[in-house]
Amino acid sequence: MLLPAAIPGLHPRGVFGVGGGSGRGTQTVTTPDPLVSLKRELTRLDDSTVLTYRSDAPESPGYLRLYALDRFDGDRWTYSPLKSSSKDRLSGDRALPAPQGLTVAPSREVTTEVRVRPEVRNMTFLPVPYAPAKVSIKGDWRVHGPSLMIYSLRDSAGGRSYTVRSLIPQPTVGQLAASGPYPPEIVAHYTAVPKNVPPEVRKLASDVTAGSATALGQAVRLQRWFTLSGGFTYDLSAPAPQHGSDLVDFLLHSKRGYCEQFAAAMALMARILGIPSRVAMGYTPGSEVKPGEWVVRSRDAHAWPELYFEGSGWVRFEPTPSGAAGQGTALAPEYSLPAVSTGGGPDDQVTQAPDASSPDAGATASPSGPAHRNDEGAGAATDVQEGDDGGFSAARWLAVALLVLLLMAVPMTLRIYTRWRRWAALTASPSGTPTPKRRRASPGPAEEAERRRRRTPGPAAPVRSPNGTPDPSGAAHAAWQEMRADALDHGLEWRASDSPRAAARRLGELLEMDAPSLQALTRIARAEELARYSRTRASEPAERLRADVRTVREAFAASVGRRARWRARLLPPSTMEQTRTALRTAGDRALDATARLNDLPSRLRRR
């Protein structure tokens, strides 16, 4: 313990730590393998909070970057050793170096106030939105000019608060497509590919991007291949790549991995195509708990590729699948998404980012063909308006609007019905015995009156245990399912692997709930825990749990923004998938019925 303090230049290294010394002159900053802790963070069972931050960005504040890995040795990505000196220190109002290549594309200035949890140890690189322009933090922190990584030789970010003013690049598709030639120093450093890269990988990069004439078109095709058409699966159980053969197995055989494999593979394939690239590591934006306030947890650790475009600088791409089947909080940037199909053709007919070699690269194309210039004159438009079949009447527009409203109301109605059905199944008859079966003979006046009194809009029989009494676990399961649906509807992250107690603790910390809401949340989790694991299965009364669910739902709504609240009411995500499945099933049945009707004459002739 005393040796590092006694010998200058000797310091311990941690998960995110670096070596270095406190002596004078230039020091070398190295980290053996920045990606070694990535999977450990992603698979932590407690999913602990790493940091919280406040951002003035009008939308998602973007990723928080720790490292920029610029070297690929044939097996692993790492970054070149940093030569650090006193001139690299952050001091006062000193502005950071300008980001590489950002000369044409517009940028948005965003201020982020970050608070790192005290439990975080050895975080010697600061997570900041790229590209940082100014960082205000206490301690000996330094900047690497070419990559704009913020690091320290001795300090850790754990327990610290700091403010970052960043210039977030906002390139358009046209600017990226029309990107000029790369500077020689960028080409020499960021397109280097080891000779031991297997020829199968080189051929695969060419095959996937065949037909794209620009760097942007090739990058979009690569991203789409990883996320949509390549047959890849996000899998945290996949081992971390250690050798070049592991990369070949991921690309050509197993096609299973997590963000490290996806980012490393796309960056390498981009270099094979001659596009300067590197691998960035840090965190996704996390989860928004209040308007402008975000929480980043250990499972938000992430790796992604950055590609260089002259005039726009380093821009992010997202080859890792996102959502429930991938990295939960990952988000692909708009300029990297495929455009609308040009007419339902094969995959290669999907409109990509425009190629600069095309004569109409700067123009906006119509999905159905070239832009219309109205060369027919004013008379043509008049004929269309006055013709019998040239447009919709008011009644048709009203019918279309009514149909749209009805379709929009389907998820909301389904959510209300599911909630009512779930609680109605727990309603017991006043006498505490099962509701008698309906008689086949015509009942008398007294029996008819009793039957009308007992008739309810819910299910015919309540949920009961085998001895005829109401099942106490049914109320607990119903309350737990309702709370899970409410959490999904309000955009809150729900971990399927969490126990009831862990889920309640995480939601309570995430939302900073008041005492009544926290008590209601705890009762629901306790009831579900007893219903799952206890032999006696003692539980709270159904009405009590139902009131607790309403209390927790109100707490969820109060913790999110107005847009999320309206989405939870009108388009609840918990029922959107159910709605899509129902509509798809109805459509398949309609098509099947149409096919049978069309085939009816031929079948009659055969008979």
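Computation of the quantities below employed the complete heavy-atom set of this structure, encompassing side-chain atoms and omitting hydrogens, waters and symmetry-equivalent molecules.
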| query | Would you find more than 12 non-hydrogen atoms of other residues, nucleotides or ligands less than 6.0 Å from Glu119 atom CD? | reply | yes
| task | List the atom of Ala303, the atom of Thr320, and the distance in Å for their closest heavy-atom pair. | result | O-OG1, 4.3 Å
| task | Give the intermediate values and the outcome of side-chain contact (heavy atoms from CB on, under 4.5 Å) for residues Leu51 and Arg117. | result | CA-CA 5 Å; Leu51 59 90; Arg117 294 291 294 270; 5.7 Å; no
| Donor-acceptor pair, side chain of Asp300 and main chain of Tyr283, under 3.5 angstrom | no
| query | Between Tyr63 and Trp304, is the gap from one ring center to the other below 6.0 Å? | reply | yes
| Rounded to the nearest 0.5 Å, what separation is found between the OG atom of Ser574 and the CZ atom of Arg484? | 8.5 Å
| Looking at CZ of Arg221 and CE of Met269, how far apart are the two atoms once the value is rounded to the nearest 0.5 Å? | 12.5 Å
| message | Is there a side-chain contact between Val552 and Ser517 in this structure, where contact means two heavy atoms from C-beta onward sitting under 4.5 Å apart? | response | no
| field | Arg278 to Trp314, cation-pi by 6.0 Å centre distance and 45° axis angle | value | yes
| request: Check the pair Arg505, Arg501 against side-chain contact (heavy atoms from CB on, under 4.5 Å), reporting the backbone distance first and the verdict last. | output: CA-CA 6 Å; Arg505 181 174 62 251; Arg501 188 176 305 182; 4.3 Å; yes
| task | Report yes if the side chains of Arg115 and Tyr53 come closer than 4.5 Å at any heavy-atom pair, otherwise no. | result | no
| Judged by modelled atom types alone, do Gln175 and Ser312 share a side-chain donor-acceptor pair under 3.5 Å? | no
| said: One pair to check against side-chain contact (heavy atoms from CB on, under 4.5 Å): Ser55 and Val110. What are the steps and the verdict? | reply: CA-CA 7 Å; Ser55 174; Val110 172; 3.5 Å; yes
| message | Quick check: closest heavy atoms across Ala503 and Trp494, and the distance to 0.1 Å? | response | CB-CH2, 4.5 Å
| task | Return yes if some donor-acceptor pair links the side-chain N/O of Gln218 with the main-chain N/O of Ile275 below 3.5 Å, else return no. | result | no
| said: So does Val135 get a backbone contact from the side chain of Arg165, meaning a donor-acceptor N/O pair under 3.5 Å? | reply: no
| Side-chain donor/acceptor of Ser166 to backbone N/O of Pro129, under 3.5 Å | yes
| task | Taking only Lys NZ, Arg NE, NH1 and NH2, and the carboxylate oxygens of Asp or Glu, determine whether Arg142 and Asp140 approach each other closer than 4.0 Å. | result | yes
| said: Quick check: do Phe125 and Ile150 have side-chain heavy atoms less than 4.5 Å from each other? | reply: no
| Distance from His302 atom NE2 to Leu64 atom CG, nearest 0.5 Å? | 12.0 Å
| request: With rounding to the nearest 0.5 Å, note down the distance linking NZ in Lys134 to CG in Leu90. | output: 11.0 Å
| request: Could you walk me through whether Glu310 and Tyr308 pass side-chain hydrogen bond (donor to acceptor under 3.5 Å, both in side chains), step by step? | output: CA-CA 7 Å; Glu310 184 62 24; Tyr308 182 88; 2.6 Å; yes
| request: Keeping the roles fixed (side chain from Ser336, backbone from Pro333), state whether a donor-acceptor pair exists under 3.5 Å. | output: yes
| said: What I'd like to find out is whether the side chain of Asp155 reaches to under 4.5 Å of the side chain of Thr124, using heavy atoms alone. | reply: no
| said: Between Glu493 and Arg495 (salt bridge meaning N to carboxylate O under 4.0 Å), is one present in this structure? | reply: yes
| task | Please determine, by modelled atom types, if Tyr258 and Ser237 share a side-chain donor-acceptor pair under 3.5 angstrom. | result | no
| message | Taking Gly230's backbone N and O only, do any of them form a donor-acceptor pair with Lys255's side chain (distance below 3.5 Å, no angle check)? | response | yes
| Least distance between heavy atoms, Leu521 atom then Ala504 atom | CD2-O, 3.4 Å
| said: Leu126 vs Leu66, test: side-chain contact (heavy atoms from CB on, under 4.5 Å). Steps then yes/no. | reply: CA-CA 6 Å; Leu126 286 187; Leu66 283 162; 5.8 Å; no
| message | With a 4.5 Å cut-off on side-chain heavy atoms, are Leu507 and Phe556 touching? | response | yes
| query | Is there a donor-acceptor contact under 3.5 Å linking the side chains of Arg297 and Thr49? | reply | yes
| Between Tyr162 and Trp141, is the ring centre distance below 6.0 Å? | no
| task | State, yes or no, whether a side-chain contact exists between Met266 and Ser277 at a heavy-atom distance under 4.5 Å. | result | no
| Is there a donor-acceptor contact under 3.5 Å from the side chain of Thr191 to the main chain of Val187? | yes
| said: Any carboxylate oxygen within less than 4.0 angstrom of a Lys/Arg side-chain nitrogen, looking at Glu306 and Arg65? | reply: yes
| Reported CD-to-OG1 distance for the pair Glu318 and Thr227, which is rounded to 0.5 angstrom | 9.0 Å
| Do Tyr79 and Ser147 touch side chain to side chain, with heavy atoms closer than 4.5 Å? | no
| remark: For Ala267 and Val279, the nearest pair of non-hydrogen atoms, with its separation, is CB-CG2, 3.7 Å
| Nearest heavy-atom neighbours spanning Asp70 and His189 | OD2-NE2, 2.6 Å
| Over all atoms of both residues, closest heavy-atom pair of Leu492 and Val560 | CD2-CG1, 4.3 Å
| remark: Ala265 meets the side chain to side chain contact (heavy atoms under 4.5 Å, CB included) criterion, sequence neighbours left out, with Phe226, Leu247, Phe250, Leu251
| task | To the nearest 0.5 Å, tell me how far Trp77 CH2 sits from Glu260 CD. | result | 12.0 Å
| said: Please verify the inter-ring angle class for Phe232 with Trp225; under 30° counts as parallel, over 60° as perpendicular, anything in between as tilted. | reply: perpendicular
| task | For the residue pair Phe72 and Val197, establish whether any side-chain heavy-atom pair is separated by less than 4.5 Å. | result | yes
